[in-house]
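Sending over a structure as structure tokens; questions will come in a sec.
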Amino acid sequence: MPLKIVQNFDSSFTLAPEAKETLFKLLTGESFLSQICQNLQWEKVEFTELLFQPIPYSLDTPKGMPAEFEKYHASSEYTIINIPPNFMFNAKIFRPSRLCAVYKKIA
């Protein structure tokens, strides 16, 4: 099976206001934040309200994310998580099918 090289990928998306509100509530829930802290062994995290759609790997996007988000990937003060599918479903977000969220370490 040959590989298909993606030259251009549109990673832009818009969320309905009620879907965004529901998703943000889920992403800032106390139990979810503590789960992130436990996994990373951080004391506290804060949701930056930055979301992006993962994109195909390419020479221009070697991390599978829009270039403007790579600075968060490289920083030890931030973490990027895949939003759990059940959060996407509960917020009634079906397009895009996957999103990532950026969290900041709080000292």
Fill in: Close side-chain approach of Thr48 to Tyr72, heavy-atom, < 4.5 Å
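Contact flag for Thr48/Tyr72 side chains = no.
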
Worksheet item: Heavy-atom distance under 4.5 Å between the side chains of Phe69 and Cys100, does that happen here?
Response: no

Discussion item. Tell me the closest heavy-atom pair linking Leu26 and Phe87, and the distance in Å.
Written reply: O-CE2, 3.5 Å

Worksheet item: With distance as the sole test, does Thr61 use its side chain to make a donor-acceptor pair with the main-chain N or O of Pro66 at under 3.5 Å?
Response: no

Worksheet item: Within a radius of less than 6.0 Å around CZ of Phe94, do more than 12 heavy atoms belonging to other residues, nucleotides or ligands occur?
Response: yes

Worksheet, complete the sentence: For Lys105 and Ser76 the tightest heavy-atom approach is CD-O, 4.2 Å

Item to complete: Apply the test side-chain contact (heavy atoms from CB on, under 4.5 Å) to residues Leu51 and Leu15: give CA-CA distance (whole Å), side-chain angles for both, the deciding distance (0.1 Å), then the verdict.
Response: CA-CA 10 Å; Leu51 301 173; Leu15 300 178; 3.9 Å; yes

Worksheet entry | Minimal non-hydrogen separation, Lys63 against Tyr57, with atom names | C-CE2, 3.5 Å

Worksheet entry | Minimum-distance pair of heavy atoms, taken over all atoms of Pro96 and Met88 |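 Closest approach of Pro96 to Met88: O-CE, 3.3 Å.
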
Fill in: Exercise: identify the closest heavy-atom pair between Ala19 and Ala91
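That would be CB-O, 3.3 Å.
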
Worksheet item: Is the shortest heavy-atom distance from the side chain of Arg98 to the side chain of Gln53 under 4.5 Å?
Response: no

Fill in: Shortest non-hydrogen contact from Leu33 toward Thr28
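Result for this residue pair: CD1-O, 3.5 Å.
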
Discussion item. Side chains of Trp42 and Ile106, heavy atoms from C-beta outward: is any pair under 4.5 Å?
Written reply: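 No - every pair of side-chain heavy atoms lies 4.5 Å or more apart.
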
Item to complete: Indicate if Phe13 and Leu23 have the same hydrophobic cluster label, given that clusters are the connected sets of ILVMFWY residues with side-chain heavy-atom separations under 4.5 angstrom.
Response: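 Yes, because Phe13 and Leu23 connect within a single hydrophobic cluster, where side-chain heavy atoms sit under 4.5 Å apart.
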
Discussion item. Students often mix this up, so state it plainly: with edges at 30° and 60°, are the rings of Phe47 and Phe24 parallel, tilted or perpendicular?
Written reply: perpendicular

Discussion item. Taking the side chain as everything from C-beta on, heavy atoms only, tell me whether Leu99 gets closer than 4.5 Å to Phe52.
Written reply: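 No, every pair of side-chain atoms sits at 4.5 Å or beyond.
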
Discussion item. Within the 4.5 Å heavy-atom criterion, are Thr22 and Lys92 side-chain neighbours or not?
Written reply: no

Worksheet item: Under the 3.5 angstrom rule, does the side chain of Tyr103 hit a backbone N or O of Leu27 as a donor-acceptor pair?
Response: yes

Discussion item. Please check: side-chain N/O of Ser34 versus main-chain N/O of Glu30, any donor-acceptor pairing under 3.5 Å?
Written reply: yes

Worksheet item: If you round to the nearest 0.5 Å, how far is CG of Asn90 from NZ of Lys25?
Response: 13.0 Å

Worksheet item: Do the side chain of Ser75 and the main chain of Lys71 share a donor and acceptor less than 3.5 angstrom apart?
Response: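 Not at all, since once roles are kept as given, no pair shorter than 3.5 Å links the two residues.
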
